[in-house]
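Residue numbers start at 1 and run along the sequence shown.
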Amino acid sequence: FKNTFKRMLNENLSQVESIMRSFQKTLTDIKNSKGEDEISDEVRALLISKNYTMAAPKLLELSKSGHREASYFLGQMYVCGKGVEFSCVNSAKMFRQSFEDEEASIIDPIWATSARSELAWLHAACEDQGFRRDEKAALRLAKAATKFNADPFQLDTLAAALANVGRFSEAVSAQEKAISSLIILAKRSTVNEKTIDAFKQRLKLYLTSKPARFTKKNAESECNALP
């Protein structure tokens, strides 16, 4: 009995030590990543003022050097067709460069989680010459983006990914949650009426067993993440 108890105690101690090492690593990662990859105030000011044409070359230069947040904003600009030519191919490339792993982490910056969701949106709904949707990647990334905390836009993407693989009843449920969440958000901050309408239109699509799709023609109206 003593030997069994001793073995169990040692195993528990090992588990505790493993958890503590993991916790210390997480704290170190947070410390090391604090402020890392944040764009400059100058570039951020250009984005806030909607001067995308001036921001684009600066972001491109940063992205080439491995700057993740710059890549994220470029992904948004490509999918919105603002400051650069609309391109789902280039948008997907930029979004993929802006996060390390597909699996979400609790210490990820907000834009890394958003990038997963935006890449999922592309693979679920984009119709653009040269771009091939990946339905498995769309669902996998959409689920990763909603792992810890899902905002209305991430739920909207999850619904699109579900509809894209024919899981329409689940898509309807996710889209209804997205709409409810968006309405609550609209009470606290400014939400464009066109955005609410777009959410509702997608719900109608899913109710009739149709997936969401967007092209260059309606890309700007689907653009929500840029200032």
Run Glu135 and Arg167 through salt bridge (Lys or Arg N to Asp or Glu O under 4.0 Å) and show every step you take. CA-CA 12 Å; Glu135 61 184 29; Arg167 294 163 60 175; over 6 Å; no

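Note that CE of Met77 is 12.5 Å distant from CD of Glu85, once rounded to the nearest 0.5 Å. Note that CG of Leu74 is 11.0 Å distant from NE2 of His67, once rounded to the nearest 0.5 Å. In this structure, CG in Leu139 is found 7.0 Å from CG in Leu158, a value given to the nearest 0.5 Å. Interatomic distance, OH of Tyr52 versus NZ of Lys82, reported as 4.5 Å (0.5 Å rounding). The NZ atom of Lys58 lies 4.0 Å from the CD atom of Glu42; values are rounded to the nearest 0.5 Å. In this structure, the separation between CD on Gln154 and CG on Leu141 is 12.0 Å, given to the nearest 0.5 Å.
In terms of heavy atoms, Ala159 sits closest to Ala174 at CB-CB, 3.8 Å. Residues Gln76 and Ser114 approach most closely at NE2-OG, 4.2 Å, considering heavy atoms. Contact between Cys88 and Asp128 at its shortest, heavy atoms only, is N-OD2, 3.0 Å. Smallest separation of non-hydrogen atoms from Phe86 and Thr215: CZ-C, 3.9 Å. When all heavy atoms are compared, the tightest approach of Arg213 to Asn164 is NH2-OD1, 3.0 Å. Taking all atoms of both residues into account, the shortest heavy-atom contact from Ala145 to Arg116 is CB-CB, 4.2 Å.
Residues passing the side-chain hydrogen bond (donor to acceptor under 3.5 Å, both in side chains) test with Ser63, sequence neighbours excluded: Ser71, Gln97.
In this structure, the side chains of Leu162 and Gln175 stay at 4.5 Å or more apart for every pair of heavy atoms. At a threshold of 4.5 Å between non-hydrogen side-chain atoms, the residues Leu182 and Thr195 count as touching. In this structure, the side chains of Ile39 and Leu47 come closer than 4.5 Å at one or more pairs of heavy atoms. Between Lys136 and His123, the closest side-chain pair of non-hydrogen atoms is not below 4.5 Å. Side-chain atoms of Lys64 and Glu61, non-hydrogen and from C-beta on, never get closer than 4.5 Å to each other. Arg44 has its side chain within reach of Glu69: a pair of non-hydrogen atoms, C-beta onward, lies under 4.5 Å apart. Between Leu119 and Phe99 the shortest side-chain heavy-atom distance falls below 4.5 Å. Side chains of Phe95 and Tyr72 form a contact here, defined as non-hydrogen atoms less than 4.5 Å apart.
Cluster membership check: Ile48 does not share its hydrophobic cluster with Leu46, using side-chain heavy-atom separations under 4.5 Å among Ile, Leu, Val, Met, Phe, Trp and Tyr. Residues Ile196 and Leu207 share a single hydrophobic cluster, defined by chaining ILVMFWY side chains whose heavy atoms lie under 4.5 Å apart. Hydrophobic clustering (ILVMFWY, side-chain heavy atoms < 4.5 Å, transitive): Leu155 and Val165 are in distinct clusters.
For residues 163-214, the set of pairs meeting the ring pair (Phe, Tyr, Trp, His ring centres under 6.0 Å) definition, not counting sequence neighbours, comprises Trp121-Phe214, Phe153-Phe199.
Checked by atom type and distance alone, the side chain of Asn90 never pairs as donor or acceptor with a backbone atom of Tyr78 at under 3.5 Å. Ser180 places no side-chain N or O within 3.5 Å of a backbone atom of Lys177 that could act as its donor or acceptor partner. Looking at Thr208, its side chain does come within 3.5 Å of a backbone N or O of Leu205 through a donor-acceptor pair. With Thr146 contributing its side chain and Ala142 its backbone, the two residues share a donor-acceptor pair below 3.5 Å. With Asn51 contributing its side chain and Met54 its backbone, the two residues share a donor-acceptor pair below 3.5 Å. Looking at Ser91, its side chain never comes within 3.5 Å of a backbone N or O of Ser87 through a donor-acceptor pair.
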